[in-house]
Protein chains: 2
Amino acid sequence: MDLKQDIKLAVDIVIFGYEERQLFVLLIKQKYGKYKGRWLLPGGFVKNKEGLKAAAIRELKEESGVVVDDLEQLFTFGDDVKRDHRGRVVTVSYFGTVKPSSMKLKAATDSIDAKWFTIESISDLPYDHNQIVETAFNRLKSKLNYQPIGFNLLSKKFPFSDLENLYMTILQSPIDRRNFRKKILSFDFLEETDELLSKGSGRPATLFKFNKKKYQSSLKRGINFEIKFA
Amino acid sequence: MDLKQDIKLAVDIVIFGYEERQLFVLLIKQKYGKYKGRWLLPGGFVKNKEGLKAAAIRELKEESGVVVDDLEQLFTFGDDVKRDHRGRVVTVSYFGTVKPSSMKLKAATDSIDAKWFTIESISDLPYDHNQIVETAFNRLKSKLNYQPIGFNLLSKKFPFSDLENLYMTILQSPIDRRNFRKKILSFDFLEETDELLSKGSGRPATLFKFNKKKYQSSLKRGINFEIKFA
DNA sequence: TCCATTTGCGTAAAATATACACATATAATC
DNA sequence: GATTATATGTGTATATTTTACGCAAATGGA
């Protein structure tokens with residue numbers, strides 16, 4: 001075993017939120033160090049007896065107050081030996097999705113503040129955090145096309161138009177309302193509630209909710225959830 | 001910076017080869033340590049001033065003699081704190097594809113031997129290497145469906161039946177020869193040569209070759225390379 | 001009451017996938 | 001040399017999926 005290895009291992013987390021036709025990314029304001037006062041991704045060093053994903057969940061909670069029970073591993077950044085000024089640091093990035101209104105942001109260890117930023121407003125982050133956000137955004141977009149990942153970003157019960165707007169916002173492309181609805185409903189993982197929602201003028205919308213059991217049984221039946229758009 | 005962190009960072013590499021309707025994985029025979037004499041994935045510790053992918057390429061070459069110019073990052077294993085008996089080791093896994101007959105295997109540092117194993121014959125590898133191989137195999141299968149990844153595994157010039165057999169072998173499902181050919185040709189990244197290949201009886205096959213430029217121009221035109229099978 | 005707005009549903013046309021059948025060119029066999 | 005076995009090369013009809021729309025229904029506001 002090479003005892004001279006001196007590489008630090010960190011995690012960084014990209015959390016997406018969605019509200020009112022806008023996609024947000026969670027950033028924190030750094031408390032210490034070279035980038036004190038700067039906004040960047042939540043993250044930090046992995047503890048010796050802590051799993052990678054656990055470290056990401058912990059750091060996220062500590063620095064922003066956001067609690068998630070699962071994150072997806074994105075990519076491990078470590079080809080650039082000098083990506084961190086403090087020495088050799090390799091970081092394992094994670095991404096997740098939450099509904100911003102369901103989370104109360106609060107700063108704590110290592111962070112002064114935590115805030116949602118629209119994806120367009122993000123630029124010039126320290127380290128290679130711009131690249132990490134870009135990687136996460138690409139993953140989000142591509143996953144949206146073949147996995148029902150959008151439901152974490154909406155309320156439990158939502159009108160179809162919310163889902164439609166979410167897709168159009170993230171994929172940045174127009175969608176035919178009628179074909180989209182048909183396609184999603186054909187997957188048979190949405191459950192129609194008997195509630196209606198009237199927002200302003202127009203016909204009230206029936207509220208739907210995502211049914212995880214139906215989703216899983218559809219998965220077993222080998223259904224392909226791919227969505228194609230014109 | 002947490003100076004007490006004591007985590008070692010390693011890389012492990014899964015290289016696939018294909019020959020005669022069989023898919024192979026490259027393993028090496030360990031020279032030292034607890035698993036001396038056992039077959040396992042090539043890999044090793046990352047050097048302080050060495051990029052992750054570079055480390056993977058180096059270890060692969062040192063331990064097996066296989067030279068590749070690129071590898072794809074697979075997954076970083078580090079949720080299990082005790083995946084390695086030597087202490088806390090996190091490993092970044094990579095995968096790649098080569099044509100076995102074009103590579104001369106030779107052992108060197110840390111390995112006694114290097115050999116191709118059929119994917120079915122692999123079982124009971126040390127550490128979590130079975131899981132790494134499984135992850136890589138799943139990635140290979142899914143990539144085959146939407147990227148022209150199979151050509152690295154074949155000769156430069158090949159008959160269509162080679163490609164067909166490759167797909168059937170990896171995906172473990174029968175393919176309609178005529179529809180497969182039509183689909184692949186419609187992507188317009190194969191070039192027909194004027195050479196014919198006669199192997200045994202039967203009509204000689206025209207040899208094709210993968211045209212990278214055509215592929216890239218098709219990519220730009222937004223062509224979807226997804227292949228669906230019955 | 002009329003109009004603007006949003007939801008909900010259906011259907012025709014185009015594109016794609018699927019399921020097949022047969023001609024062609026070679027080696028092996030008689 | 002004729003016949004047979006084997007693998008390659010191409011076409012076409014049918015089923016399925018995607019795409020492009022039109023219009024009715026239910027509400028708030030003028």
Side-chain angles (χ1 to χ4, degrees), chain A residues 20-21 144-146 150 154-155 157-169 171 173-209 218 221-230, chain B residues 20-21 144-146 150 154-155 157-169 171 173-209 218 221-230:
Chain A
E20 300 285 332
R21 303 190 190 206
L144 205 60
N145 284 311
Y146 62 89
L154 298 176
S155 305
K157 295 174 185 176
F158 53 87
F160 227 99
S161 56
D162 273 14
L163 193 61
E164 192 191 311
N165 286 325
L166 171 72
Y167 273 73
M168 288 199 289
T169 301
L171 299 176
S173 79
I175 294 174
D176 183 280
R177 194 168 52 86
R178 295 153 290 186
N179 293 335
F180 177 74
R181 186 185 178 110
K182 255 182 299 183
K183 187 76 182 177
I184 297 284
L185 286 177
S186 78
F187 293 152
D188 197 42
F189 52 56
L190 285 193
E191 197 176 313
E192 194 174 336
T193 71
D194 50 8
E195 290 174 70
L196 293 178
L197 176 70
S198 242
K199 43 177 176 183
S201 77
R203 176 173 176 171
T206 58
L207 295 181
F208 288 83
K209 58 180 175 183
S218 295
R221 303 173 87 222
I223 286 179
N224 185 11
F225 298 104
E226 199 185 340
I227 295 172
K228 293 177 184 173
F229 298 99
Chain B
E20 301 283 333
R21 306 191 188 204
L144 205 61
N145 284 311
Y146 62 88
L154 298 177
S155 306
K157 296 173 184 176
F158 53 86
F160 227 100
S161 55
D162 274 14
L163 193 62
E164 192 191 310
N165 286 325
L166 171 72
Y167 274 73
M168 290 198 289
T169 301
L171 300 174
S173 77
I175 294 173
D176 183 280
R177 194 168 52 89
R178 296 153 291 188
N179 293 334
F180 177 74
R181 187 185 178 110
K182 255 184 296 185
K183 186 76 182 177
I184 297 284
L185 286 178
S186 79
F187 294 152
D188 197 41
F189 52 55
L190 285 193
E191 198 177 311
E192 194 175 333
T193 71
D194 51 6
E195 290 174 71
L196 293 176
L197 177 69
S198 239
K199 44 177 178 185
S201 77
R203 178 175 174 167
T206 59
L207 295 182
F208 288 84
K209 56 180 175 183
S218 295
R221 306 174 86 219
I223 287 179
N224 185 9
F225 298 104
E226 199 186 338
I227 295 172
K228 294 176 182 171
F229 298 98

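This one's a predicted model, so the numbers in the text were calculated from it and none came from an experiment. Numbered from 1 within each chain, the chains take letters A, B, ... in sequence-line order.
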message: If I take atom CD in residue E195(B) and atom C1' in nucleotide dT8(D), what distance separates them, rounded to the nearest angstrom?
response: 17 Å
query: Are the aromatic ring centres of F208(A) and F160(A) under 6.0 angstrom apart?
result: yes
Integer-rounded Å distance: dA19(C) C1' and F180(B) CZ: 17 Å
task: Could you tell me whether the phosphate oxygens of dT6(D), OP1 or OP2, come under 4.0 Å of any side-chain nitrogen or oxygen in R203(B)?
output: no
NZ/NE/NH1/NH2 to OD/OE distance under 4.0 Å, D162(A) and R21(A): no
message: Regarding R178(A), tell me which of base, sugar-phosphate or nothing describes its non-hydrogen contacts under 4.0 Å with the strands shown.
response: base
query: When the distance from CZ of R177(A) to C1' of dG22(D) is rounded to whole Å, what number comes out?
result: 11 Å
- request: Can you tell me the distance, in whole Å, between the CG atom of N179(A) and the C1' atom of dT18(D)?
  value: 7 Å
message: What's the closest nucleotide to the side chain of K183(B) if the choices are dA17(C), dT18(D), dT27(D)?
response: dA17(C)
task: Test L190(B) against I184(B) for side-chain contact (heavy atoms from CB on, under 4.5 Å), laying out the working first.
output: CA-CA 8 Å; L190(B) 285 193; I184(B) 297 284; 3.7 Å; yes
- prompt: Okay, side chain of T193(A), backbone of L207(A): is any donor-acceptor separation there less than 3.5 Å?
  reply: yes
- prompt: Expressed in angstrom and rounded to an integer, what is the separation of L197(B) atom CG from dA25(C) atom P?
  reply: 17 Å
- line: Result for 5'-nearest mapping on DNA chain D, choosing between A205(B) and S198(A), is A205(B)
message: Taking any heavy-atom pair under 4.0 Å as a contact, classify K182(A): base, sugar-phosphate, or nothing.
response: base
field: Rounded distance (Å) that lies between atom C1' of dA27(C) and atom CG of L196(B)
entry: 15 Å
message: So that I know where these two stand, are F225(A) and F187(A) an aromatic pair - ring centroids less than 6.0 Å apart?
response: yes
field: Gap between atoms CD and P, on E226(A) and dT16(D) respectively (whole Å)
entry: 19 Å
message: Counting only side-chain heavy atoms from C-beta out, which of dG8(C), dC21(D), dT6(D) sits nearest to S201(B)?
response: dT6(D)
message: Rounded to whole Å, please give me the gap between CD1 in I184(A) and C1' in dT18(D).
response: 15 Å
field: Residue-phosphate contact under 4.0 Å: S161(B) side-chain N/O, dT8(D) OP1/OP2
entry: yes
task: Counting heavy atoms from C-beta on, name the nucleotide in dG28(D), dA25(C), dG9(D) closest to the side chain of T206(B).
output: dG9(D)
